[in-house]
There are 2 protein chains.
Amino acid sequence: MTVVKEEIRDQIIDSASEIFSRFGFRKTTMDEIARAMRKGKSSIYYYFTSKEDIFKAVVEKEAQTLREEVTRAVESSDVPTEKLRNYILARMKVIKNVSNFYDTLKNEYLNHLDFVNKVREKYDKQEIRILTGILEEGQKNGVFRTDDPELAAIAIVTALKGLEIPLFWSKANKNIEKRVDDLLNILLYGLLRK
Amino acid sequence: MTVVKEEIRDQIIDSASEIFSRFGFRKTTMDEIARAMRKGKSSIYYYFTSKEDIFKAVVEKEAQTLREEVTRAVESSDVPTEKLRNYILARMKVIKNVSNFYDTLKNEYLNHLDFVNKVREKYDKQEIRILTGILEEGQKNGVFRTDDPELAAIAIVTALKGLEIPLFWSKANKNIEKRVDDLLNILLYGLLRK
DNA sequence: ATTTCGACCGTTTTGGTTTTATGGTCGAAT
DNA sequence: ATTCGACCATAAAACCAAAACGGTCGAAAT
């Protein structure tokens with residue numbers, strides 16, 4: 001695939017991403033995606049094999065962007081406790097984003113949500129790896145007292161997922177910030193060496 | 001309300017509970033509820049003011065049953081660590097039950113799910129109180145090292161909620177048992193005094 | 001050789017209409 | 001105190017024709 005083709009493919013992904021997130025999968029038409037690119041519908045099929053294909057590319061790219069954001073947040077400090085704090089705060093942004101995504105897809109075919117969740121699982125695994133790294137570092141420094149960093153990482157990610165549930169179901173849950181703080185404190189407290 | 005009336009009300013709740021959980025709210029008809037009770041439809045309105053009314057009673061009773069189950073599990077031991085373990089295992093049953101409930105309601109009106117979630121929130125608060133009790137007890141015994149038991153309880157409940165997400169979305173997630181074990185270990189490990 | 005597009009096809013979705021089923025009421029009967 | 005049949009207004013299901021849609025293909029454009 002030439003460089004130019006790859007570039008236009010990417011533009012289509014960005015353009016379609018907006019449309020998908022506004023109207024959901026079903027109500028987004030190929031004609032609209034093409035019109036937004038000022039191309040004919042058939043031309044889009046030169047870059048993608050199907051509407052599904054575009055959607056998957058959109059989800060993957062979205063996930064990648066969020067992943068990069070989290071990575072950047074973690075790398076913005078050298079102190080493990082700070083890293084952990086930054087990670088959790090960045091993760092909350094991700095949760096909000098994902099929550100919006102779910103919102104537009106809620107009333108659509110379940111297999112699309114299934115796909116989104118598969119991507120998320122992959123994403124979670126990477127996060128667990130990052131977190132494990134942080135915890136191992138803190139352990140060596142003598143800051144954290146975990147002796148199974150991977151298990152601790154899994155527990156943290158699972159707990160963060162727990163925060164998503166009220167966010168997902170009720171749009172107007174304003175206590176979420178407080179809950180994040182609570183969780184952050186308990187996690188840090190639980191891990192910190194006295 | 002007489003004793004007899006109360007009794008029949010309860011029978012209707014049990015009977016309707018089965019029908020609701022099989023067909024969901026929408027596809028359950030008043031005629032069917034009445035038929036199952038071998039009564040005329042109008043008679044049901046002597047005990048309940050509306051279909052919604054029956055549904056809410058069903059949800060509340062279900063929640064109460066689960067609550068009792070959890071309480072019993074906790075009280076089945078005197079050792080705090082055992083109590084915690086029993087609590088988590090009992091909670092998993094609850095999660096599976098709730099998960100099924102969500103499944104039948106998934107494609108229905110959102111306000112029903114909203115109601116279910118409100119009941120769950122109330123339930124969660126009670127669980128946090130129970131858990132806090134366990135943790136305080138363990139703390140006095142010198143078994144647990146938490147010095148803010150309520151925060152720890154919140155974290156645990158939140159983490160358990162996190163386990164629900166994959167259970168809710170993908171029906172065939174068989175790794176759930178392993179995850180529960182992992183979480184159980186990490187929680188116990190995190191709390192136990194060395 | 002790469003990229004675009006108009007014409008076209010089979011299928012799905014939509015919108016409007018009619019029919020049927022359902023939640024709920026009421027007064028009489030038990 | 002409890003049950004129920006007859007009844008009503010509304011909502012859901014069934015139906016169908018028209019429009020919209022996803023996707024294909026070969027030709028045209030670059």
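To find a chain, count down the sequence lines: A is the first, B the second, and so on, and within it residues start at 1.
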Distances for protein N or O near nucleotides 4-7 of chain C N or O, under 3.5 Å:
| from | atom 1 | to | atom 2 | distance (Å) |
| --- | --- | --- | --- | --- |
| C/dT4 | OP1 | A/K39 | NZ | 2.6 |
| C/dT4 | OP2 | A/Y47 | OH | 2.7 |
| C/dC5 | OP2 | A/G40 | N | 2.7 |
| C/dC5 | OP2 | A/S43 | OG | 3.3 |
| C/dG6 | O6 | A/S42 | OG | 2.2 |

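- What separates OH of B/Y45 from C1' of D/dC8 is a distance of 13 Å, to the nearest Å.
- Rounded to whole Å, the distance from NZ on A/K27 to C1' on C/dT12 is 15 Å.
- Side chains of B/V157 and B/Y87 form a contact here, defined as non-hydrogen atoms less than 4.5 Å apart.
- For the pair A/T132 (side chain) and A/I128 (backbone), a donor-acceptor distance under 3.5 Å is present.
- One interatomic measurement links the two molecules: NZ of B/K51 to P of D/dA11, which rounds to 13 Å at whole-angstrom precision.
- D/dT3 atom P lies 13 Å from atom CZ of B/F48, rounded to whole Å.
- Whole-Å rounding puts the A/I19 CD1 to D/dC21 P distance at 13 Å.
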Could you list the donor-acceptor pairs under 3.5 angstrom formed by side chains in residues 31-46 of chain A, with sequence neighbours left out?
none

Can you give me every donor-acceptor pair (side chain of residues 71-78 of chain B, partner residue at least two apart or in another chain, under 3.5 Å) with its distance?
| from | atom 1 | to | atom 2 | distance (Å) |
| --- | --- | --- | --- | --- |
| B/T71 | OG1 | B/R67 | O | 2.8 |
| B/S76 | OG | B/A73 | O | 2.7 |
| B/S76 | OG | B/N86 | ND2 | 3.1 |
| B/S77 | OG | B/V79 | N | 3.1 |

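- Scanning residues 28-37 of chain B for heavy-atom distances under 4.0 Å to DNA chain D yields an empty list.
- The salt bridge (Lys or Arg N to Asp or Glu O under 4.0 Å) test applied to B/E127 returns B/R91, not counting sequence neighbours.
- For the pair A/E6 CD and C/dT2 C1', the interatomic distance rounds to 15 Å; values are reported in whole Å.
- Between B/F55 and B/F20, the ring-plane angle classifies as perpendicular under the 30° and 60° cut-offs.
- Within the structure, every pair that satisfies the salt bridge (Lys or Arg N to Asp or Glu O under 4.0 Å) test and touches residues 132-143 of chain B, not counting sequence neighbours, is listed here: B/K83-B/E137.
- Closest to the side chain of A/V4, out of D/dT2, D/dG22, C/dT3, is C/dT3.
- No side-chain heavy atom of A/T29 sits under 4.5 Å from any side-chain heavy atom of A/F23.
- B/K61 is listed as a side-chain neighbour of B/D14, based on a closest heavy-atom distance under 4.5 Å.
- Rounded to whole Å, the distance from CD1 on B/I44 to C1' on D/dC4 is 11 Å.
- The interatomic distance linking B/E7 (CD) with D/dT2 (P) rounds to 11 Å, in whole Å.
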